[in-house]
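Every chain is numbered from 1, with letters handed out A, B, ... down the list of sequences. All values derive from a computational prediction rather than experimental measurement.
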2 protein chains.
Amino acid sequence: MHPIDDLLAGKQNSGNRAAPTRDRLIRAFTDLVQQRGYAAVGTAEVLKVASAPRGSLYHHFPSGKSGLAVAAVEYMAEAVTDALHRATTGRRTLPVLLRGMASARAAWLKRTGWSEGPLLTVLSNEVVPHEPDIAEALKVGSAAINSAFTDLFMARGFAPDTAWRNAHMTRSLLDGAMTLSRAARSTDALLEAGDFLATRLADPANRGA
Amino acid sequence: MHPIDDLLAGKQNSGNRAAPTRDRLIRAFTDLVQQRGYAAVGTAEVLKVASAPRGSLYHHFPSGKSGLAVAAVEYMAEAVTDALHRATTGRRTLPVLLRGMASARAAWLKRTGWSEGPLLTVLSNEVVPHEPDIAEALKVGSAAINSAFTDLFMARGFAPDTAWRNAHMTRSLLDGAMTLSRAARSTDALLEAGDFLATRLADPANRGA
DNA sequence: ACGATTCTGGACCAATTGGTCTATTTCTGG
DNA sequence: CCAGAAATAGACCAATTGGTCCAGAATCGT
């Protein structure tokens, strides 16, 4: 199962009829970009993986490849914020949630042979600022995720400014550990990050002013 | 001045005679990749920026673009470990050093209009595992940097395993904050990371067993 | 001075790139 | 049942890709 699916249970359109072309394009594009990066994936390959003809791509995304990237970023950001919102209203404690995020990423890396990185991270590192549309989508999406993390920390009793700082820390740490883990082909950095997040950052003693 | 130069004072070949072609190629390649990523920079552009003909590239780097990437990674990793080694034997305290790293990166981002990311980070996010040579160079280079950071923490009184963990934390945090800052076009994440590193991670009370 | 080696310069190549365009098919509301 | 819209299908394009190849220039050791 694709990691996106983990986050999306319930968001997916109900029936299991074949995904419409537009969604298949976004899905194929996301997978390929996470493996190889934006510039390295050609439209031809996306089309092949999605089993769609050229015309469909430019019908659904008149601005072409960059439009597809914008849609993929928006889709992913929404999926992540939805999942975080669900976690916020759920019962699980912060340490459990945070360590879970880190180990889920570690498992993902292992399962895919260290071949995939998170969409927003991958795009952030190659697209800014040559593609203003994508850069803007990344900015908006990233801000939404930060805000969702801040809400999560606040809902667990942290003061607003501490929550905001912890949101940044959590994102930076998970993101950087993911990149490092990919480079080192080892989950050490991610597990280390999970440990820190669960035992220190989420420590009730640090709920701040 | 280029950020690489900051790290290299003293490593540069002495006189200011024009850099040899091979070095110019590495330099041009590094700059371009940091801005746009590996796949997006064409050999033609590297050649133009380096003012070198096509033949020179394949003379100095018989394996072409990927060989150039490997050389650039090795060069960068050495520059970074050298700088860390100098810091280790130097006098500055850990908090000063760590906050300095974060704010140097923040300044770099601002100066370049959020257009450049660290070479190893950028490559790690798009090259693994399709280019095994580059992946290997990244793995080796990243390990060397981790080790240099571990030495730094140990030289400041941290126990070996704590030092190793702190090295991972520092790298993950700086790296992730860099990516986030680029996406958000704001240095918030980096400054937050610097603050944490200086006031918490480097805290002498946490020198561990 | 000279032969050998290193390096530069650039023409050239097949393959691929993102994108355009139009004909046809499929779907939908009335 | 049909008109019109939505979507699919793929031929086609100029531009660019990384890479090969070889002729000439510069540099070297002797």
Indicate for each nucleotide in nucleotides 19-27 of chain D, in 5' to 3' sequence, whether protein heavy atoms under 4.0 Å reach the base (B), only the sugar-phosphate (S), or nothing (-). BB-------

Residues which pass side-chain hydrogen bond (donor to acceptor under 3.5 Å, both in side chains) with [X], listed by chain and number, not counting sequence neighbours:
| X | value |
| --- | --- |
| B:R36 | A:H130, B:E45 |
| B:R54 | B:T43 |
| B:R99 | B:D195 |
| B:T21 | none |

Ring pair (Phe, Tyr, Trp, His ring centres under 6.0 Å) contacts in which one or both residues fall within residues 163-186 of chain A, not counting sequence neighbours: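 Counting only pairs at least two positions apart or across chains, the ring pair (Phe, Tyr, Trp, His ring centres under 6.0 Å) contacts touching residues 163-186 of chain A are A:W164-A:H168.
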
Under the ring pair (Phe, Tyr, Trp, His ring centres under 6.0 Å) rule, what pairs show up with a residue in residues 21-45 of chain A, not counting sequence neighbours?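 Non-adjacent pairs meeting ring pair (Phe, Tyr, Trp, His ring centres under 6.0 Å): zero.
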
Atom-pair distance ([atom1] on [X]; [atom2] on [N]), nearest Å:
| X | N | atom1 | atom2 | result |
| --- | --- | --- | --- | --- |
| A:K48 | D:dG10 | NZ | P | 15 Å |
| B:L32 | D:dT16 | CG | P | 16 Å |
| B:L68 | D:dT17 | CG | C1' | 16 Å |
| B:L47 | D:dT16 | CG | C1' | 14 Å |
| A:E45 | C:dA15 | CD | P | 18 Å |
| B:R36 | D:dT17 | CZ | C1' | 14 Å |

Hey, what bend do you get for the helix from C:dA1-D:dT30 to C:dG30-D:dC1 if you fit axes on five pairs at each end, rounded to 10°? 30°

Residues which pass salt bridge (Lys or Arg N to Asp or Glu O under 4.0 Å) with A:E131, listed by chain and number, not counting sequence neighbours: none

Base, sugar-phosphate alone, or nothing: which one does A:V41 contact when heavy atoms must sit under 4.0 Å apart? sugar-phosphate

Pair up each side-chain donor or acceptor in residues 140-153 of chain B with any protein partner under 3.5 Å, not counting sequence neighbours, and list the distances.
from, atom 1, to, atom 2, distance (Å)
B:S142, OG, B:R171, NH2, 2.3
B:N146, OD1, B:R171, NE, 2.7
B:T150, OG1, B:N146, O, 2.9

Name every residue in residues 119-127 of chain B that has at least one heavy atom under 4.0 Å from any atom of DNA chain D, in order of residue number, or write none if there are no such residues. none

Quick test: give all pairs of protein nitrogen or oxygen and nucleotides 4-7 of chain D nitrogen or oxygen below 3.5 Å, distance rounded to 0.1 Å.
from, atom 1, to, atom 2, distance (Å)
D:dA7, OP2, A:H59, NE2, 2.7
D:dA7, O5', A:H59, NE2, 3.3

Begin from the C-alpha positions of A:M76 and A:Q34 and carry the test side-chain contact (heavy atoms from CB on, under 4.5 Å) through to its verdict. CA-CA 12 Å; A:M76 182 64 73; A:Q34 286 181 333; 3.8 Å; yes

